[in-house]
Amino acid sequence: MNNAELDYAFLAEYAKVESNKLTVVGASYTYLFTDELPAVHLLTVAGRIRVPQDYGPVPVSVQLTPPNAEYSITVDTELQEAVDMHPYDGRVGLTVDGSPRRSPVFV
């Protein structure tokens, strides 16, 4: 197992990683509702990625596309080596709060 693997991921109203611990509020919802358009919604994609113990930078891409595929929002980033990781099974878990600086999503 030499590649990065997504362990879990979800949408949340707020998420923050500190010391490789994930704090989350309003997590795991699957839809948004609004009375009018356009609307603004702040969201975070949070989760954990398992990587080999001797990993280097890990490229991550998150793409949000509605069911009608009318538009798509993509955020690309790269995870760097974390400090004080505790390996298990020859791998480490990188906890991620994928909030691109809490950018609003326009729907």
Novice: So does Glu70 have more than 12 non-hydrogen atoms from other groups sitting under 6.0 Å from CD?
Specialist: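 No, CD of Glu70 has 12 or fewer neighbouring heavy atoms, counting only those of other groups under 6.0 Å.
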Novice: In Å and rounded to the nearest 0.5 Å, what is the CD1 to CD distance from Ile73 to Gln63?
Specialist: 10.0 Å
Novice: Examine distances only and state if a side-chain atom of Arg91 and a backbone atom of Arg50 form a donor-acceptor pair shorter than 3.5 Å.
Specialist: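 Checking the backbone N and O of Arg50 against the side chain of Arg91, a donor-acceptor pair under 3.5 Å is found.
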Novice: Do Asp97 and Thr44 have a side chain donor and acceptor closer than 3.5 Å?
Specialist: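 No pair is found: no donor N or O on one side chain lies under 3.5 Å from an acceptor on the other.
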Novice: Would a hydrophobic clustering, with Ile, Leu, Val, Met, Phe, Trp and Tyr connected at side-chain separations under 4.5 Å, put Phe10 with Leu6?
Specialist: no
Novice: Between Leu79, Thr95, Val92, which is the residue that forms a side chain to side chain contact (heavy atoms under 4.5 Å, CB included) with Ile49?
Specialist: Leu79
Novice: If we ignore hydrogens and angles and just use 3.5 Å, is the side chain of Thr34 paired with the main-chain N or O of Glu36 as donor and acceptor?
Specialist: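 Judged by distance alone, yes, a pair lies under 3.5 Å.
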Novice: Could you tell me which non-hydrogen atom of Val51 sits nearest to which non-hydrogen atom of Ala4, and how far apart they are?
Specialist: CG1-CB, 3.7 Å
Novice: Determine the minimum heavy-atom distance between Thr74 and Ser72, stating which atoms define it.
Specialist: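 Nearest pair, atom of Thr74 first, then Ser72: OG1-OG, 4.0 Å.
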Novice: Tell me the closest heavy-atom pair linking Val96 and Leu22, and the distance in Å.
Specialist: O-CD1, 3.9 Å
Novice: Are Tyr29 and Leu64 connected into the same hydrophobic cluster when the rule is that any two of I, L, V, M, F, W, Y join if their side-chain heavy atoms are below 4.5 Å apart?
Specialist: yes
Novice: Do Val58 and Val17 sit in one hydrophobic cluster, given that two such residues count as connected whenever their side-chain heavy atoms are within less than 4.5 Å of each other, even indirectly?
Specialist: no
